[in-house]
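Below: one structure, written as C-alpha cells.
Start at 1 with the first residue, then count along the sequence. Both ligands and their constituent atoms are indexed starting at 1 by order of listing. Just so we're clear, the structure is a prediction, and the values are computed from it rather than from any experiment.
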Amino acid sequence: MAESDVARVARWVREADVVTALTGAGISTESGIPDFRGPAGVWTKDPAAARLFDFDAYVADPQVRVAVWQRRLEHAAWTARPNAGHRALVDLERSGRLLDIVTQNIDGLHQAAGSDPDRVLEVHGSLHTVVCLSCGRRTPMADTLARLEAGEEDPTCLTCGGILKSGTISFGQPLDPAVWRASVRAAAACDVLLVVGSSLQVHPVASLCEVAKDAGARLVILNAESTPYDRLADAVLAGPIGQVLPALVGSAATTRS
Ligand code: APR
C-alpha cells in the first residue's frame with residue numbers, strides 16, 4: 001500500500017535529528033481564537049479591522065487606540081486553553097527532536113501547553129505584556145486590563161505618560177532583532193521545517209521557508225488552505241491541525257529506529 005502523506009512526513013520527522021516548527025493563527029482556532037485570513041478570520045469578516053493592526057495609525061489616532069484596547073479586553077486568548085495541536089508539539093519536544101517553535105501567535109498557548117518557553121520564539125510579540133512606546137517600560141497586560149475594566153479607555157504609562165501598547169508587533173513595527181536572528185538560526189539548523197496553521201502571507205516570517213530549503217531542510221506545510229509556499233514544499237498536508245498533527249507526531253515518536 002502506498003505510503004500516505006502523513007506516514008511519509010512522520011518518517012521524515014522520525015529520521016530527523018532536528019525539527020523546527022513555524023506556527024500561525026491556525027493552530028489556535030481550535031482553542032477558540034479566530035485566525036485572520038481563514039474562512040472565519042477576523043479580517044475575512046471585517047477587512048477594516050486590519051487598520052487596528054497598523055502601528056502608525058495606532059500612534060497617531062486615539063480612536064484607534066480606544067478600539068484596540070476594547071478588543072484586548074475582550075480577546076479570546078484570556079479564556080482559551082491549548083488544544084491537541086499545541087500538545088503534539090510538546091510531545092515532539094519531549095521526544096528530543098524539536099529545536100524551537102517560531103510562532104507568529106501572541107496568545108501564549110504554546111507555553112501554556114507545556115512547551116519550553118526558551119524554545120518558543122514569539123516573532124510577533126506577546127499579548128501578555130504591555131510596553132510604553134516612550135520609555136520602553138514593560139508591564140503585565142493584566143495590570144492594564146484592570147485599568148480598562150475600571151473605565152480607562154486609552155491608558156498611558158504610569159511612569160512617563162507615554163502611549164501604551166500591547167507587546168505585539170504591528171505592521172510597520174520592527175521585529176525584535178534577537179528573536180528574529182534566533183528564528184533564522186532555527187530555520188537554517190533544522191532537518192524539517194514544519195509549518196502549522198499559517199497562510200504564509202506575512203514577511204519576513206514566511207521567508208523562513210526559503211531559509212530552511214536553502215539550508216537543505218525538508219519543508220512540510222500543514223494548513224487547511226493553500227499557501228504561496230505550497231509549490232516549494234516537500235509535502236503539503238490539509239488540516240484540521242488538531243487531528244493531523246497529533247497523528248503525525250504520534251506516528252513519528254512511536255517508531256523511532
Ligand atoms: N486546521 C488547519 N488549518 C487551519 C485551522 C485548522 N484548525 N484553522 C485555521 N487554519 C488555517 C487557515 O486556513 C489559514 O490559512 O490557518 C491559516 C491561518 O492564516 P492567517 O489567518 O493568515 O494567520 P497567520 O498566518 O498566523 O498570520 C500571520 O499576520 O495577521 C497578522 O500578525 C498577524 O501573526 C499574524 C500574521
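The closest side-chain donor-acceptor pair between Arg81 and Ser31, if any, does not fall under 3.5 angstrom. No hydrogens or angles considered: nothing links the side chains of Ser115 and His86 as a donor-acceptor pair under 3.5 Å.
Heavy atoms of Glu30 found under 4.0 angstrom from ligand 1 belong exclusively to the side chain. No part of Phe53 comes within 4.0 Å of ligand 1, judged by heavy-atom distances. If you look at Ile241 next to ligand 1, the close heavy atoms, those under 4.0 Å, come from the backbone and the side chain alike.
Ligand 1 has a nitrogen or oxygen under 3.5 angstrom from a nitrogen or oxygen of Gln104. Checking only distances, Phe171 never comes within under 3.5 Å of ligand 1, N or O to N or O. Considering backbone and side-chain N/O atoms, Ala224 comes within less than 3.5 Å of an N/O atom of ligand 1. On a distance-only criterion, His124 and ligand 1 share at least one N/O pair closer than 3.5 Å. Considering both main-chain and side-chain atoms, Ala25 comes within under 3.5 Å of ligand 1 through a nitrogen or oxygen pair. No N or O atom of Pro39 sits closer than 3.5 Å to an N or O atom of ligand 1.
Listed for the Asp154 side chain is no donor-acceptor partner under 3.5 Å among the backbone atoms of Val66. Using modelled atom types, no side-chain atom of Thr129 and backbone atom of Pro140 make a donor-acceptor pair closer than 3.5 Å. Listed for the His75 side chain is a donor-acceptor partner under 3.5 Å among the backbone atoms of Ala77. A donor-acceptor pair under 3.5 Å is formed between the side chain of Ser4 and the backbone N or O of Ala7. Side chain of His128 to main chain of Asp107: a donor-acceptor pair is present (N/O by atom type, distance under 3.5 Å, no hydrogens or angles). Using modelled atom types, one side-chain atom of Arg87 and one backbone atom of Pro82 make a donor-acceptor pair closer than 3.5 Å. For Asn83 (side chain) and Gly242 (main-chain N/O), no donor-acceptor pair under 3.5 Å exists by modelled atom type. Remark: side-chain polar atoms of Lys165 are paired, donor with acceptor, to backbone N or O of Thr168 under 3.5 angstrom.
Atom 33 (C) of ligand 1 has Phe36 CE1, 3.8 Å as its closest protein atom, hydrogens excluded (heavy atom only). When hydrogens are left out, the protein atom nearest atom 10 (N) of ligand 1 is Gly26 CA, 3.6 Å; that is the closest non-hydrogen contact. Ranking the protein heavy atoms by distance from atom 11 (C) of ligand 1 puts Asn223 OD1, 3.2 Å first. In terms of protein heavy-atom proximity, atom 14 (C) of ligand 1 is nearest to Glu225 OE1, 3.6 Å. Scanning all protein heavy atoms for the shortest distance to atom 9 (C) of ligand 1 gives Asp35 OD2, 3.2 Å. The nearest heavy-atom contact from the protein to atom 25 (O) of ligand 1 is Ser198 OG, 2.7 Å. Of the protein's heavy atoms, Arg37 NH1, 3.0 Å lies nearest to atom 27 (O) of ligand 1.
In this structure, Trp43 belongs to a hydrophobic cluster whose other members, linked by side-chain heavy atoms under 4.5 Å apart, are Phe36, Val42, Leu52, Phe53, Phe55, Tyr58, Val59, Val64, Val68, Trp69, Leu73, Trp78, Ile106, Leu127, Val130, Leu133, Met141, Leu145, Leu148, Ile163, Leu164, Phe171, Val202.
Close contacts between ligand 1 and Val202 involve ligand atoms 28 (C), 29 (O), 36 (C) [criterion: under 4.0 Å to a heavy atom]. Within ligand 1, the atoms closer than 4.0 Å to a non-hydrogen atom of Trp43 are 30 (O), 31 (C), numbered from 1 in the order shown. Per-residue contacts place Pro240 under 4.0 angstrom from the following atoms of ligand 1 (heavy atoms of the residue considered): 1 (N). Using a 4.0 Å cut-off to heavy atoms of Thr29, the atoms of ligand 1 that qualify are 5 (C), 6 (C), 7 (N), 8 (N), 9 (C). Taking every heavy atom of Gly24 and a limit of under 4.0 angstrom, the matching atoms of ligand 1 come to 26 (O).
With distances taken over non-hydrogen atoms, the option nearest atom 20 (P) of ligand 1 out of Ser199, Ala238, Gly239 is Ser199.
When each of Leu194, Asp234, Thr227 is paired with Ile221, the side-chain contact (heavy atoms from CB on, under 4.5 Å) condition holds for Thr227 and for no other.
Here side-chain hydrogen bond (donor to acceptor under 3.5 Å, both in side chains) pairs that include residues 179-201, with residues two or more places apart or in two chains, are Gln104-Ser198.
Heavy atoms of Gly197 come nearer than 4.0 angstrom to ligand 1 in at least one pair.
Counting non-hydrogen atoms of neighbouring residues, nucleotides and ligands closer than 6.0 angstrom, the CD atom of Glu153 reaches no more than 12 such neighbours.
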